[in-house]
Amino acid sequence: MTDRRQLKPGWKIWRFDQMATNVNVRIDNPSESGMEHYVGLEHLDPDSLRIRRWGSPDDVEATKLMFKKGDIIFGRRRAYQRKLGVAEFDGICSAHAMVLRAKPEVVLPEFLPFFMQSDLFMNRAVEISVGSLSPTINWKTMAIQEFALPSLVEQKNLVGLLSAIQSAFDAYREALDVAQTQLTNIRDSIMWGGEHQQLKDSLIGSIPESWQAKLIGDMVDFQGGSQPPAHTFEFSPSSNNVRLIQIRDYKSSEFLTYVPKALAKKFCDENDVMIGRYGPPVFQILRGLTGAYNVALIKAVPRQGLSKRYLYHFLKEKALLSLIEGLSRRSCGQAGVDMDKLKRYALPLPPLDEQERLSDIFDSFELSVKNIQARINKLGPLRGKVITSSTEVVDVLRI
């Protein structure tokens, strides 16, 4: 709960049910709803208020919720994904969402989405979620949560700055989509067709005459990680310890702990190509990691004639990624890559100097993607600062 003794002048504490209405209009037969838009949780982008994708009510079954233009669609299931969108049209949405409507006598409809986007709100939402596999928020618990809000006058002043930040965020997201598409297209186009060279037939189709077709298993050694004993996880950073790289939530790599060098058997550096062996998603390709790695990771070591950088980009190639689901198997209840089948997949292999030149091109596109993502990452915390510290002056154009 909020400490009333620390409230800023003009701020007041409200229960969430005093701030918003839970609109619970249920639609049992989506195809007969008369609506044109269906918004599932998969259509909501984390940390973005804009709904850029949607489906058709004809494509879904089971009970859904109706929403109106201006309503907030909040993903109450797996709230840690931070999915929240403001509807620009009428439609129906997943029952794993809440449809919320601001009470304008307490909070401006334009301000509430920004407030719900803040860490202040999202952290509380995660805390009150129940369930282990798919933690979910129920309205009764959400309704009694208390939050401090500025006055309506101050909310109106903040909306202008928050809207500017959101506009910048959306612009960067659009740029990120374009950059990612360009990277995918240029990588796939060159790897399978070269750069307008004369082509020849091979076991994987037409490839440039100076290239070869090689099986991955003939060009790459795969080295699995090892799990240090559990008691080693108490160690902290020191000259005698190294970071233990693990996969968290199958989506990102993090340095979660440290282990003694003497017990860490498998190591990688930032130039090595690392594969996440479990999922979903079942296939991740990582670089920039230094330390010991555990059984959730596999190091892909290229043999003579194949560069690390070219291998990295090939493993991220679109056709291969789309095939990976078919190469998956299940072990101990988890999906994972069948490495034996992956080894039998062929790759188009240019001469080594050509691999390096092409990798320079792919790296430059990937760097553009990373730079845009870095700007997006700065905007998220900036919004939170505006919410929690309305007196702070922020120049959006200087991030």
Side-chain angles (χ1 to χ4, degrees), residues 187-188 190-192 202-204 207 210-228 242-247 250 252-253 255 259 261-279 281-332 334-360 362-363 366:
R187 187 158 50 198
D188 295 354
I190 291 179
M191 280 187 167
W192 291 103
S202 74
L203 60 91
I204 54 175
I207 60 174
S210 62
W211 295 21
Q212 303 178 64
K214 294 284 188 177
L215 297 180
I216 290 179
D218 292 336
M219 299 301 298
V220 182
D221 293 316
F222 296 99
Q223 300 175 0
S226 63
Q227 191 75 8
V242 293
R243 292 181 291 194
L244 175 64
I245 301 166
Q246 303 184 90
I247 293 292
Y250 313 115
S252 62
S253 59
F255 307 122
V259 297
K261 291 180 181 178
L263 296 177
K265 300 177 181 178
K266 299 296 181 69
F267 298 89
C268 61
D269 64 42
E270 61 182 11
N271 295 316
D272 286 333
V273 181
M274 307 300 296
I275 298 174
R277 70 188 309 169
Y278 301 120
V282 296
F283 200 53
Q284 304 162 76
I285 304 92
L286 313 167
R287 285 201 303 184
L289 306 178
T290 303
Y293 63 98
N294 75 343
V295 294
L297 287 164
I298 299 171
K299 180 161 67 174
V301 182
R303 298 176 184 173
Q304 186 174 1
L306 175 62
S307 79
K308 285 185 179 180
R309 289 196 300 157
Y310 187 81
L311 171 62
Y312 166 77
H313 285 291
F314 177 74
L315 290 174
K316 301 195 78 168
E317 186 267 329
K318 185 177 179 181
L320 177 58
L321 290 175
S322 65
L323 178 73
I324 291 302
E325 187 173 356
L327 298 182
S328 66
R329 54 175 172 70
R330 297 195 69 84
S331 175
C332 301
Q334 292 182 320
V337 179
D338 189 321
M339 300 304 295
D340 290 332
K341 291 182 180 178
L342 178 62
K343 292 175 184 177
R344 295 196 291 271
Y345 190 79
L347 76 158
L349 191 66
L352 198 54
D353 59 345
E354 186 78 355
Q355 293 178 39
E356 296 295 349
R357 188 182 68 81
L358 294 179
S359 294
D360 286 340
F362 304 147
D363 281 349
E366 189 167 79

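Throughout, residue positions are numbered sequentially from 1 according to the sequence presented. Basis for what follows: all heavy atoms, side chains included, without hydrogens, waters or symmetry-related copies.
Remark: Ile298 CD1 to Tyr293 OH distance equals 8.5 Å, nearest 0.5 Å. The distance from atom CH2 of Trp192 to atom CH2 of Trp211, rounded to the nearest 0.5 Å, is 9.5 Å. Between the OG atom in Ser307 and the NE2 atom in His313 there is a gap of 8.5 Å [rounded to 0.5 Å].
Looking only at side-chain heavy atoms (C-beta outward), Asp360 and Arg309 come within less than 4.5 Å of each other. Contact of the Phe222 side chain with the Ile216 side chain is registered, since non-hydrogen atoms from C-beta on lie closer than 4.5 Å. No side-chain heavy atom of Val220 sits under 4.5 Å from any side-chain heavy atom of Leu347. Side-chain contact check for Tyr312 versus Lys316: some heavy-atom pair is nearer than 4.5 Å.
Of all the heavy atoms in Ile190 and Leu358, the pair that sits closest is CG2-CD2, 3.5 Å. Considering all non-hydrogen atoms of both residues, Lys308 and Asp269 come closest at NZ-OD1, 4.5 Å. Scanning all heavy atoms of the two residues, the minimum distance from Gly305 to Met219 falls at C-CE, 4.1 Å. Taking both residues in full, the closest heavy atoms of Leu203 and Ala213 are given as CG-CB, 3.9 Å, listed atom of the first, atom of the second, then distance. Scanning both residues, Leu349 and Lys214, for their nearest heavy atoms gives CD2-CG, 3.8 Å. The nearest pair of heavy atoms linking Met274 to Cys268 is SD-CB, 3.7 Å.
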Is there a side-chain contact (heavy atoms from CB on, under 4.5 Å) between Gln304 and Leu352 once you walk through the steps? CA-CA 9 Å; Gln304 186 174 1; Leu352 198 54; over 6 Å; no
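Listed by chain and residue number, Asp218, Ala346 satisfy the side chain to side chain contact (heavy atoms under 4.5 Å, CB included) test with Leu215 (two or more places apart in sequence, or in another chain). Residues satisfying the salt bridge (charged side-chain N to carboxylate O under 4.0 Å, His left out) criterion with Arg287, sequence neighbours excluded, are Asp363, Glu366. Evaluation of the salt bridge (charged side-chain N to carboxylate O under 4.0 Å, His left out) rule for Lys343 yields no partner, not counting sequence neighbours.
More than 12 non-hydrogen atoms from other residues, nucleotides or ligands lie less than 6.0 angstrom from NZ of Lys299.
At distances below 3.5 Å, not a single donor-acceptor pair connects side-chain atoms of Gln355 with backbone N or O atoms of Tyr310. Using modelled atom types, one side-chain atom of Lys266 and one backbone atom of Gly224 make a donor-acceptor pair closer than 3.5 Å.
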